[in-house]
Structure formats: structure tokens, C-alpha cells
Amino acid sequence: MIMSRIEAPSSEDTATTGNLLDLLLSGLPAEAVLTDPDVTASYAHDMASFCPAGAPAVVVLPRTAEQVQHVMRTATALRVPVVPQGARTGLSGAANASDGCIVLSLTKMDRILEINPVDRVAVVEPGVINAALSRAVGEHGLYYPPDPSSWEMCTIGGNIGTASGGLCCVKYGVTAEYVLGLDVVLADGRLMSTGRRTAKGVAGYDLTRLFVGSEGSLGIVVRAVLGLRPKPPEQLVLAAEFASGAAACDAVCRIMEGGHVPSLLELMDRTTVKAVNDLAQMGLPESTEALLLAAFDTTDPAADLAAVGALCEAAGATQVVPADDAAESELLLQARRLSLTALEAVKGVTMIDDVCVPRSRLAEMLDGVDRIAEKYQLTIGVVAHAGDGNTHPTVCFDPGDPDESRRARESFDEIMALGLELGGTITGEHGVGVLKKEWLAREIGPVGMELQRAVKQAFDPLNILNPGKLF
């Protein structure tokens, strides 16, 4: 990690650590309050590079909404910043501590409170692991679609905070589309409920959607009502190899223009394919410039794969390999699942960008990243949720080399600038956090920033909720 520090906001009424601990312990069990510096240091940051982090005064692990309310009342009384955290799998520094803050880790609030097959909802606490929820609702013949690549580790609260996506978004959409209602503890400790558990509802402003993606800067989610879908059939996967990234992107455009609805449409560029080959000896042809993976979970996936395979061939695919069953499908997906691990092995550290562009400009994005990699003499691999236009250019660098680290950061900024130039956005699913604060201002402009700050002021007038993030 390459980090400096986030300093807590100054205040004339700054509390001593002793007063803070005394007040926290007046409403929390001793085991929920961690003060050992060696332990609290492990809660200082998420998985992002180049993001500053400070030293928390204390880490609190509540188990109930009432305990969260007590923490926020204490923080408000003493003007102490609070940094909410899930599993810290984020990639933007949104969960990074500030000096002297309370880190509020919600991982102990991990109960699935209800699964209702009639209403097709699940009610969960924020610390529930994404994969655990998916498996639990699957036992009822239901499906919770959002599936970030860290789904075996990440929490639902963290997914809500960063508006996470995943591999299946091309068909099923992102986290925001499945959050129906929330219980939220506000900065002053009040508990507010938003949204609904009904199929429809338009009463008042959509505060539920406002909290999704707010990165813990407006309130602390302590309960969520999530929409579910019927469990789809097992998907079948097709792999198509291309002699150029442009041809693969042309195939993506043909698939989407043709009205097909794949459950997955992923792209790996030649740098990523080579890294996977080097790591796992998967035997992918060295001539592969781009690998496209498409999947369907329809009632007749073989027919859908045949139609998409024909479109890939028309776009110039050199080889098209459809799977016959679920086992073969999983084998084809292994390369995609290994992508980030393989790119990390190139230099030991990666900086993962998250730029989303219109599908029609995906080829321009890939070409631009190639030019940036050449300009800065860096290895930059691209994996993409191609059906969404959501690219993940991954910069590989040696953190022990100051010049290479500088070039990595500069290349990262150029990639974001390229995304905006192509009509895209600086983040499709990872969030803003610390990493992209200055880029948020560039994307939404001064009027947008003014109104966003006004919303923050309305919910958190003392600026104690995750200060230093977003803006």
C-alpha cells in the first residue's frame, strides 16, 4: 500500500481518548471496543493503493442497531469522526480511517433476518456476506443477483455503500436496483426507515436510493430490505478468441444490437490473457489479442450461444468454443476469475481503475489504454464487464520503485480522463472514496458539487460521518 494520512477534522471541543472510551463503554460491551494499536491498525484501510489512511482512536464492533445509535450519539457529543466499514474489500479508499476516528466495523451484524418467497424479499443486517445471502436464498428457489468479484468476502452493507456491481449486471443490474428499504442510523443517533417492502412504492423522495452509493457519508445502514428474483436455470458459457480488441468490441456491439440478453459478457485483453497463461498455464493461444466470454441462463442457452457464436464469427473471431454443460462452463470462466490474481503476480501490486464508457466506445477505450501503457512503459491489463462498458484497466507496478509508482499514478489519471472524454464516468461500481475525489468534481461540475455538499450538510451538519471521502 502507498498511503499518507487522513487527518481528522479539527474542533475546539475535541475529546480526549479517555473520555471517548468511557462514554463508548457506558453503552457497549467491553469486547466490542478495541483499543490495542496493533489491532486497530489492521482496520486502517481497504484494498486501494495510493489512498491516505490515518490511525483510528478506537474500533467498535456493534451487534445491534441500538449499539450503533449509542456510538453515533457519543460521536456527535464529542465531535469525533466515524468511519463505517464492512469487510474492507473496497478499491477506492472509502473505508480508510482518519486520525483519531471511531472505526465502526459492522461485520458482527451478520444475521439474515427473513427470507420471504411470496414477497420475494430478504431482510438482512449489513454484515451479511454476499455469497452467504446468495446461498441462503437459493435454498428457497430465489436469486440475489448482485455478485461483486469479492462476493465470498464482501458484505451487503459494503455493497450498498459503494453501489457494487458484478459479472451479471449486463442482465440483472446493480445493487441499487435490489435495495427496497433501509434502516439507517443518522449522524446524531436517530434511527430512520426508508423505502418499502412492497413491489411498488413512490411515496416522497427516494431516500433509499440516495443512501446507496453514499459510502457511509450520510448514515449507517443497520438493516436492508432486498428484492429477490426466481432462481434462473444453470448458465452455459461460450468463449470466443479474437485477433484484435477492436474485433472483440465489434462482437459486443453486434450482440447487444441484436437484442440478446446474456447473463454475462466479459472481455479480457491480450495482457490479461498472457498473465493468466503465465500464472495457470491454461493453454490459451499466444496469438489471442482478446478473449470474450458470453453466458446465457435462459431455457434454451445452447440456442442462444449458437446465435451469439455466429455473431462473434461475423465480427472476426478466430475460434468460438461453446460449453456443453455447467462443468465445461465453469472451466471456461476460470480464466476470467483468475484475471486479477494473475495481473497482481506481474509486479506484486496493482492499481485497479473502474471506468465505464458507452458500449459503442469500448474499442476506443481499449486502444487508449494501450497507448497510455506504452507512453508510461507500464503493464496495464484490461478486464471488462463488456456488456456494460465497465472497464477495469489494471496498472501493474513495483511500489518500491518511486519512479514507477509515479508513472502508475499518472497513467491512472490519464485513463480516467480518457473515460470522461469518451462520454463515460470515473466509476461504474467501485465508488469515489479518497482515490477519485478530484475526478468527481470534474465529472459532475460545480453546480453538482454544490448540491451534493448541501445534501451532505443536511444529513451530517457536523461532518463526522466518513469525513474526507467523496469531496
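- Here Ser150 contributes atom OG and Asp147 contributes atom CG; the two are 10.0 Å apart, rounded to the nearest 0.5 Å.
- Heavy atoms of other residues, nucleotides or ligands lying less than 6.0 angstrom from CZ of Arg406 number more than 12.
- When all heavy atoms are compared, the tightest approach of Leu418 to Ile372 is CD2-CD1, 4.4 Å.
- With respect to Asp367 and Arg371, no salt bridge is recorded, no charged nitrogen being found less than 4.0 Å from a carboxylate O.
- Of the possible polar contacts, one joining the Lys469 side chain to the Asn96 backbone as a donor-acceptor pair under 3.5 Å is found.
- Residues Ile156 and Tyr144 form a side-chain contact, since some pair of their non-hydrogen atoms from C-beta on lies under 4.5 Å apart.
- Looking at every heavy atom in both residues, Val346 comes nearest to Ala275 through CG2-CB, 4.2 Å.
- Shortest non-hydrogen contact noted between Asn130 and Pro146 is ND2-O, 3.2 Å.
- Inter-residue side-chain proximity for Glu66 and Gln69 is flagged as met; some heavy-atom pair is nearer than 4.5 Å.
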Working for ring-ring contact (aromatic ring centres under 6.0 Å, His included), residues Phe50 and Phe397: CA-CA 12 Å; Phe50 292 108; Phe397 68 99; 5.4 Å; yes
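- With Asp460 contributing its side chain and Leu218 its backbone, the two residues share no donor-acceptor pair below 3.5 Å.
- Between Val59 and Val39, every side-chain heavy-atom pair lies at or beyond the 4.5 Å cut-off.
- Side-chain contact between Met449 and Leu440: present, with at least one pair of heavy atoms (C-beta onward) separated by less than 4.5 Å.
- We find the CG-OG distance between Leu465 and Ser214 to be 9.0 Å, quoted to the nearest 0.5 Å.
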Audit row: Thr208, Arg196, side chain to side chain contact (heavy atoms under 4.5 Å, CB included) steps and yes/no: CA-CA 9 Å; Thr208 303; Arg196 65 194 195 280; over 6 Å; no
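- Salt bridge status for Glu114 with Arg197: present, with a side-chain N to carboxylate O gap under 4.0 Å.
- Residue pairs that meet the ring pair (Phe, Tyr, Trp, His ring centres under 6.0 Å) test with at least one member in residues 82-114, sequence neighbours left out, do not exist here.
- Under the salt bridge (charged side-chain N to carboxylate O under 4.0 Å, His left out) criterion, Arg453 pairs with no residue at all, not counting sequence neighbours.
- The distance from atom OG of Ser193 to atom CG of Leu207, rounded to the nearest 0.5 Å, is 11.5 Å.
- At most 12 non-hydrogen atoms from other residues, nucleotides or ligands lie less than 6.0 angstrom from CD of Glu257.
- A donor-acceptor pair is defined here as one N or O able to donate and one able to accept, closer than 3.5 Å; no such pair exists between the side chain of Asp269 and the backbone of Gly245.
- No side-chain donor-acceptor contact under 3.5 Å links Ser164 to the backbone of Ile160.
- When side chains are defined from C-beta on, Val170 counts as touching Met256, because their heavy atoms get closer than 4.5 Å.
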Test salt bridge (Lys or Arg N to Asp or Glu O under 4.0 Å) applied to Lys436 and Glu443, step by step: CA-CA 10 Å; Lys436 300 186 176 183; Glu443 179 170 333; over 6 Å; no
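- A donor-acceptor pair under 3.5 Å links the side-chain atoms of Arg359 to the main chain of Gly387, judged by distance alone.
- Within a 6.0 Å radius of CZ in Arg63, other residues, nucleotides and ligands contribute 12 heavy atoms or fewer.
- Closest approach of Pro84 to Gly216, counting heavy atoms only: CG-O, 3.7 Å.
- The closest donor-acceptor contact from the side chain of Gln85 to the backbone of Tyr43 lies under 3.5 Å.
- Between the side chains of Tyr172 and Asp297, a donor-acceptor pair is found at a separation under 3.5 Å.
- Side-chain contact check for Gln67 versus Pro29: some heavy-atom pair is nearer than 4.5 Å.
- Annotation for Gly428 and Asp354: closest pair N-OD2, 3.0 Å, computed over non-hydrogen atoms.
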Intermediate values then yes/no, side chain to side chain contact (heavy atoms under 4.5 Å, CB included), Ile255 and Val252: CA-CA 5 Å; Ile255 291 166; Val252 171; 5.6 Å; no
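- Within a 6.0 Å sphere centred on CZ of Arg442, other residues, nucleotides and ligands contribute more than 12 heavy atoms.
- In Lys108, the NZ atom is not crowded: 12 or fewer heavy atoms of neighbouring residues, nucleotides or ligands sit closer than 6.0 Å.
- Here the CG-CD distance, from Leu226 to Glu177, works out to 13.0 Å after rounding to the nearest 0.5 Å.
- The backbone N or O of Glu344 lies less than 3.5 Å from no partner atom in the side chain of Thr350, so there is not a single donor-acceptor pair.
- His70 places a side-chain N or O within donor-acceptor distance of the main-chain N or O of Leu23, the cut-off being under 3.5 Å.
- Between Cys168 and Tyr143 there is a side-chain heavy-atom pair separated by less than 4.5 Å.
- When each of Val276, Thr391, Thr272 is paired with Val383, the side chain to side chain contact (heavy atoms under 4.5 Å, CB included) condition holds for Thr272 and for no other.
- Here Asp388 contributes atom CG and Glu429 contributes atom CD; the two are 8.0 Å apart, rounded to the nearest 0.5 Å.
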Val71 and Val185: CA distance, side-chain angles, deciding distance, side chain to side chain contact (heavy atoms under 4.5 Å, CB included) verdict: CA-CA 10 Å; Val71 172; Val185 175; over 6 Å; no
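- Geometrically, Arg337 does not engage Trp151 in a cation-pi contact defined by less than 6.0 Å to the ring centre and at most 45° from the axis.
- We find that Arg336 and Glu266 are joined by a salt bridge, their nearest charged nitrogen and carboxylate oxygen being less than 4.0 Å apart.
- Residues that satisfy the ring pair (Phe, Tyr, Trp, His ring centres under 6.0 Å) test with His392, not counting sequence neighbours, are His385, His430.
- No hydrogens or angles considered: nothing links the side chains of Ser217 and Asn466 as a donor-acceptor pair under 3.5 Å.
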Test log, rule salt bridge (Lys or Arg N to Asp or Glu O under 4.0 Å), inputs Arg407 and Asp403: CA-CA 6 Å; Arg407 285 184 279 127; Asp403 182 66; 2.9 Å; yes
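- Under the 3.5 Å distance criterion, the side-chain polar atoms of Ser92 are left unmatched by any main-chain donor or acceptor of Leu435.
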Evaluation steps, side chain to side chain contact (heavy atoms under 4.5 Å, CB included), between Ile415 and Val355: CA-CA 8 Å; Ile415 289 168; Val355 175; 4.1 Å; yes
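- Minimum interatomic distance between Ala53 and His45 (heavy atoms only, all atoms of both residues): CB-CB, 4.1 Å.
- The CG atom of Leu293 sits 8.5 Å away from atom CG of Leu265, with the distance rounded to the nearest 0.5 Å.
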